[in-house]
Amino acid sequence: MRGADPWSLPAARQFLTEIEPLVWKGGAVICCDASTPPGLAARLITHLRETVPVERVNPAPGQLPLAVLGEACGLPGATTARIVASGRVLLIEAQELPVADLARWAHVLAEFAACFGKADDGGALLFLGDAGVPGFGRLEWSRRLRRVDAMIWAEFAVPSGRNDLLQRLAVDLAVELCGWRLDLVADLVSQRVEDILNPMGWLQRHADQAISAQISFGLTAFACPLHLLARGDQVELRRRIWTAQLSVLFPWIEGHRQRLIKRHRKHLYLDEHLKALGVASVEDIELGGLRRQLGRVLVRDEAEQVAALANLRNDLAHRKPIAVEDFHLAIQMRGED
């Protein structure tokens with residue numbers, strides 16, 4: 001994970017690319033939310049440095065916007081028109097300002113936009129905060145972070161020492177459970193196997209990091225998993241865990257079922273029970289049937305592993321997260337012959 005930059009993710013790169021042309025139009029209000037990767041101001045300055053120098057401005061609560069801009073431009077007491085004419089590009093970090101200050105900034109930004117429009121040239125203001133400004137550009141981060149971004153971030157962070165199945169399970173679980181919480185995605189994939197198989201304890205350990213804001217993951221509203229925990233929504237948490245386990249483990253279980261049939265085909269047959277269930281071929285015998293028919297063929301350890309596989313499949317088929325002990329038994333199954 002060392003050196004990984006969330007602003008290298010596809011959605012983040014696109015966002016930076018869309019900000020750049022706004023500089024030549026006088027700037028814009030840039031709205032972020034809790035899903036925005038940290039460090040936007042520094043990353044934006046780096047992104048733009050080959051095009052235009054950008055200076056950071058950190059107004060304090062209560063400061064008058066025009067005074068702040070004049071000081072940043074080296075023009076104390078300057079009018080808005082003079083600030084436009086200065087040609088300076090300022091990045092105003094206003095995310096933490098109270099509502100009253102944002103209203104004052106919105107007024108000055110509107111004046112800046114009007115002056116820029118008359119001059120058709122000049123500097124630019126990139127305002128990091130939420131302010132409604134007629135005639136001024138606006139760019140929102142909301143809904144940009146997608147599943148592919150979270151998947152890439154999880155793959156950056158997942159330890160390389162685990163087997164392929166556990167790596168895939170960790171990545172899918174982190175994305176399905178945590179969504180836009182990239183900090184949680186990176187943390188979860190690095191946890192011990194027990195937390196990957198049953199992340200409820202891990203969630204409890206991070207309970208104080210809950211974010212209650214309504215955030216979208218792609219086009220869909222997606223609640224922070226720690227907020228779900230705080231409000232006791234076990235149903236949604238279990239659904240997310242089950243979804244990740246289903247996508248990774250179901251094909252793995254099916255592969256074992258097919259190999260069992262291939263390995264022990266001579267011992268398999270269609271009895272009346274299977275026929276009554278509509279099974280038309282030995283290849284279609286499910287794990288429960290294999291367990292029953294191969295009980296006298298398999299050694300004890302292998303019989304227990306087949307039973308565990310059957311339990312895993314039954315849980316997933318009934319929309320339930322798996323039992324950890326069944327997974328530990330099943331993962332010991334022989335693979336390819």
**Q** Can we say R240 and D172 salt-bridge, meaning some charged N sits less than 4.0 Å from an Asp/Glu carboxylate O?
**A** no

**Q** So which pairs with a foot in residues 209-235 pass side-chain hydrogen bond (donor to acceptor under 3.5 Å, both in side chains), sequence neighbours left out?
**A** none

**Q** Can you find a heavy atom in the side chain of E55 that is under 4.5 Å from one in the side chain of I45?
**A**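 No, every pair of side-chain atoms sits at 4.5 Å or beyond.
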
**Q** Just so I know, are the side chains of L287 and L260 near enough to count as touching, which here means a heavy-atom distance under 4.5 Å?
**A** yes

**Q** Just checking, is any N or O donor in the side chain of T243 or E176 under 3.5 Å from an acceptor N or O on the other one?
**A** no

**Q** Report the residues that fulfil salt bridge (charged side-chain N to carboxylate O under 4.0 Å, His left out) with R296, sequence neighbours left out, ordered by chain and then residue number.
**A**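 Scan of R296 (salt bridge (charged side-chain N to carboxylate O under 4.0 Å, His left out), adjacent residues dropped) gives none.
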
**Q** Within the side chain of R181, is there an N or O that forms a donor-acceptor pair under 3.5 Å with the backbone of L177?
**A** no

**Q** Going by side-chain contact (heavy atoms from CB on, under 4.5 Å), L226 matches just one of L237, D208, I211, L184. Which one?
**A**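 By the side-chain contact (heavy atoms from CB on, under 4.5 Å) criterion, L226 pairs with just one of L237, D208, I211, L184: L184.
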
**Q** So H267 and H264, would you call those rings parallel, tilted or perpendicular, with 30° and 60° as cut-offs?
**A** tilted

**Q** Tell me who clusters with L219, hydrophobic residues only, linked when side chains sit under 4.5 Å apart either directly or through other members.
**A**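 Members besides L219: none; it forms no cluster.
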
**Q** In Å and rounded to the nearest 0.5 Å, what is the CZ to CG distance from F217 to L145?
**A** 5.5 Å

**Q** Report the relative orientation of the aromatic rings in F156 and W153; use parallel for angles under 30°, tilted for 30 to 60°, perpendicular for over 60°.
**A**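 Ring orientation of F156 relative to W153: perpendicular.
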
**Q** Under 3.5 Å, side chain of R146 to main-chain N/O of G218, donor-acceptor pair present?
**A** no

**Q** With sequence neighbours left out, which residue pairs that include part of residues 277-322 fulfil the ring pair (Phe, Tyr, Trp, His ring centres under 6.0 Å) condition?
**A**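 Listed once each, the pairs would be none.
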
**Q** Using modelled atom types only, decide if a donor and an acceptor are shared between the side chain of D326 and the backbone of N311 within a distance under 3.5 Å.
**A** no

**Q** Under the side-chain contact (heavy atoms from CB on, under 4.5 Å) rule, collect the residues that match up with Q167, sequence neighbours excluded.
**A** V158, S160, R162

**Q** Within the side chain of Q63, is there an N or O that forms a donor-acceptor pair under 3.5 Å with the backbone of A60?
**A** yes

**Q** What pairs meet the ring pair (Phe, Tyr, Trp, His ring centres under 6.0 Å) rule with one or both residues in residues 122-151, with sequence neighbours excluded?
**A**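 Non-adjacent pairs meeting ring pair (Phe, Tyr, Trp, His ring centres under 6.0 Å): W7-W141, F15-W141, W105-F127.
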
**Q** Hey, does the side chain of R257 reach the backbone of E283 with a donor-acceptor pair shorter than 3.5 angstrom?
**A**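 Flag set: sc R257 to bb E283 pair under 3.5 Å.
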
